[in-house]
Amino acid sequence: MDYEFQKIEEKWQKAWKEACLYKVDIDFSKPKYFVLDMFPYPSGAGLHVGHPLGYIASDIYSRYKRLKGFNVLHPMGYDAYGLPAEQYAIQTGQHPAITTEVNIKRYREQLDKIGFSFDWSREVRTCDPKYYKWTQWVFIQLFKHWYNKASQKAEAIENLISYFEKNGTNGIQAHCSEEIQFSAEEWKSKNEKEQQELLLNYRLAYLADTMVNWCPALGTVLANDEVKDGYSVRGGHPVMQKEMKQWSLRISAYAQRLLDGLDKINWSDSLKEIQKNWIGRSEGAEVLFDVSNSNHKLLIFTTRPDTIFGATYMVLAPEHELVNEITTGEYKNAVSNYIEETQKRTERERMADTKKVSGQFTGAFAFNPFTKQNIPIWISDYVLAGYGTGAIMAVPAHDSRDYAFAKHFNLPIVEVISGGDITNEAYDSKDGIVINSDFLNEMPAKEAILKINDEIEKCGIGKRKINYRLRDAIFSRQRYWGEPFPIYYKENLPYPLDEKKLPLELPEIDAYLPTEKGEPPLGRAKNWTTEEGYPLELSTMPGFAGSSAYYLRYMDPNNENTLVSKEANHYWKDVDLYIGGAEHATGHLIYSRFWNKFLFDLGIVCEDEPFKKLINQGMIQGRSSFVYRIKNTNKFVSLNKKEAFDTTEIHADINCVTNDILDIEAFKKSNPEYANAEFIFDEDDKYRCGWAVEKMSKSMYNVVNPDDVIVKYGADTLRMYEMFLGPLELSKPWDTNGIDGVHKFLKKLWRLFYSRESIIFTDEEPSADELKILHKTIKKIQEDIENFSFNTSVSAFMICVNELTDLGCHKRKILESLLIILSPFAPHIAEELWSALGKKDSICKADFPEFNAEFLVENSFEYPVSFNGRLRYKLPLALDVPVKEIEEIVLKHESSQRWLEGKAPKKIIIVPNKIINVVV
RNA sequence: GCGGAUGUGGCGUAAUUGGUAGCCGCGCCAGACUUAGGAUCUGGUACUGUAAGGUGUGGGGGUUCGAGUCCCUUCAUCCGCACCA
């Protein structure tokens, strides 16, 4: 009887589906466990072998947890809105919903073949109105709430309104776009429109003019994390800065909580670090500088108030609102020229030459409140409008950027912290003693910061301030294929739709392009208004909208009355294990933490962090193969001989290559260009290819499709080989050649149950050796799974099966346990052999075997005996030999004589049951 | 520039957390069986040397009886951020 994986896998996949084996419900008799995968965007290319890596790992863990008695929620769905489907629609006229449907179907087929234990009854799709109803609903809640810094949580906008009615802004601690002040009377005297406008300053979802990353080629706005080096991440189109009225989410209100929350969650250090940097907290002070001969004051932010005596000039961002007002007559032209020039430069150009110093004096001076000196005010694009206050006090002696600027424009440099050599470079460090600074002199810099902050606050010229780099998230996209905003406009002001009207469904349009007026595609929709005739918002939501709360929807996917019921949320609580790629560090993973915290404030969810533990799986890279064509010929030379020729390296399709040997016939057929190719072979008449590890992609001809692997080796082999490749978190190249080893292992396992003719297991009692092998493996597998070290589990299984084969063990008591611990990794073969043992119920319902340490007890130990740390021979001894006696045995041992050379040893180290080391 | 991660055979990797470096698998070499096969099985395989031995975990230094593991330093690769005051 042979291992017919195709038949077996088909049979059990069907049986599991019919039995709804993986369907879960709330069950208070069992502890819950929620294992989540980052749901895929169903692209047209289908899955390649790298995509399921994380899914396999999470599936193994889910299956393991079930065997351990947990009620495991392990759902899957699709992040179905997105640019590629829309780009495809623009090109072909095909509705993106159709493309998406087709792609989802293909993904599902591929996923099903791998034998995952997903509860598909809970599937979500972000483009499904039943699903995005709740995305829209959360948006309305964000619109209807503001952030109270006093209570540190989101509160209903009605509370803010009644506060304004009583006190105006007096004493309010609200997170807002702009600090504004008005009295209760002023508030009450405003009309509806004016009040609504003011409220946008506080709402957590608000409409405002913002500088956005505009991508003309895609016709839309992009979030910061969707732009890299001035180009769009998707498509690589140029991105420019543009001011537009856009929806934003006030995520900055949650900056501190997002930072604090990182300490409570079990994520990798690198990922936490990325989020910390992205949030970018910095502690400092805001200080007001008077502009000389004027009533204007300049507010600056600094993290080094201790160096204020060294502030010899000031710099404003070119976009700073006071630039025009303070610039003196004779400098007006020069200043406006400079501003014009910086605006012309794209973001990318600005980043490309950060070393180039540029700036312009405004003619104005500011008064340094401590040195009592008038210092010149400059503008320069090295100061960013979007950070802090858009203005700085420049301390050239202790800030490298200020230093470069001062040197370039010949501005004074005054040393105020000792420890560096400011004739050469700025001394940026906080290690040093304050000098030239009046009452701060002789203090360590760190101490001086506290002292000067007190002084600044005492004088009323400023206050301590914490700044965050985290910007509010721009939430509008001028696109078709996304969630419509549940917003209509009355007198040009936004109002939320009645929640009972949700979902607001995406309308049909005649073309997936902007209108002639330059409106977004929804401008083409007919009757895109409320029943009363008010126009609806034309933008749609961005990609991260639908993924921000999907894990909550899985808890209660069909609930039509609420996002997630209290009952479901209190049972499933949060995601215990989340597996996905690190590329979402500053996008999805920060937005969904924000949404979750907001929903937590509203009492809708009971945990304030959504993902307790998170693992980033590494990327699977491609292993490309190369052939070497001699220039100007159609002749290819083998790797070993290529040095003698002038060659061009060309990607060969990896389907034509086995163990780096080129299949000549297949290669000739792979491209008409090669049909008549000639070859220079190695001595053994083989053509050897070169290789390199590269991204897996069509253009490199190195894509491996899981379907092909499954046809040839089966899903169980694929699953185990993906794990066998190496540690989950690491990137590693895929090399199909290695898969044989794993496949052979499964065949060898099969041989423990079946001979060529028949089933051969026995009911004999297991021997001590067999029990030892089994329990050693149980222990190892359990530890490995809990540490997510799946690669070492696979080799432990191989060792176990090798050893049992050597002992000729076919005993039921051993094999049963082995199958259970293997079943998370290779569920099909485990289920098949389980039923062959006569079991009626699925192996998924078995209990993970208890490890029993008694079976591992040894009665002797083979000591490695070292001389000066070098292993020389081995000495088997009983476990209970006393140290004193071991010493004697070692010294008398004939092998020792050679290394002692007649001398007495200086020292003998004996670690019982570990090692013996003789120091000579 | 700042922050994070990773460096071990020809390749993917392992090492009980300071105690026998190279487990498991690929590849390679040799052999067995055989309708010579991309099947199966057996043995070998870090480097060097005929051998005894010597060398060896990116490089250099240190702590220790003992270091892949700890400390200092340096190099390389990858990832993130980047004029963030």
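Because only heavy atoms are used, hydrogens play no part in the values below, and waters and symmetry mates are left out as well, while side chains stay in. Naming convention: chains lettered A, B, ... in sequence-line order (proteins, then strands); numbering from 1 in each chain.
The only member of N702(A), D660(A), T736(A), N737(A) that meets side-chain hydrogen bond (donor to acceptor under 3.5 Å, both in side chains) when paired with R623(A) is D660(A). Partner E803(A) forms a salt bridge (charged side-chain N to carboxylate O under 4.0 Å, His left out) with one of K748(A), K776(A), K772(A) and no other, that one being K776(A).
Using cut-offs of 30° and 60° on the angle between ring planes, the pair Y713(A) and H743(A) is perpendicular.
Residues of residues 790-806 of chain A having a heavy atom closer than 4.0 Å to RNA chain B, listed by number: N791(A), T792(A), S795(A), M798(A), I799(A), N802(A).
Rounded to a whole Å, the CG atom of L875(A) is 13 Å from the C1' atom of rU20(B). For the pair N277(A) CG and rG4(B) P, the interatomic distance rounds to 9 Å; values are reported in whole Å. Here the P atom of nucleotide rU6(B) and the CG atom of L730(A) are 8 Å apart, to the nearest Å.
Annotated as anti: rG4(B), whose O4'-C1'-N torsion sits more than 90° from 0. Classified by its glycosidic torsion, rU40(B) falls in the anti category, the angle being over 90° from 0.
Other residues, nucleotides and ligands contribute at most 12 non-hydrogen atoms within 6.0 Å of the CE atom of M619(A).
The phosphate of rU16(B) has neither OP1 nor OP2 within less than 4.0 Å of any side-chain N or O from K779(A). Within the 4.0 Å cut-off from OP1 or OP2 of rG66(B), not a single side-chain nitrogen or oxygen of K907(A) is found. In this model, the phosphate group of rU6(B) is not approached by any side-chain N or O of S731(A) to a distance below 4.0 Å at OP1 or OP2.
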Please tabulate, one pair per line, each protein N/O and nucleotide N/O from nucleotides 29-38 of chain B that are separated by under 3.5 Å, including the distance.
unit_1, atom_1, unit_2, atom_2, d
rG38(B), N2, K712(A), NZ, 3.0

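The separation of rC70(B) from rU20(B), taken at their P atoms, amounts to 15 Å, rounded to a whole angstrom. Only the P atoms considered, rU45(B) is 13 Å distant from rA51(B), to the nearest whole Å.
rG3(B): Watson-Crick or G-U partner is rC79(B), with both key distances under 3.5 Å.
Between F409(A) and W378(A), the gap from one ring centroid to the other is short of 6.0 Å.
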Which letters describe nucleotides 52-64 of chain B, given B = protein heavy atom under 4.0 Å from base, S = only from sugar-phosphate, - = neither?
SSSS---------

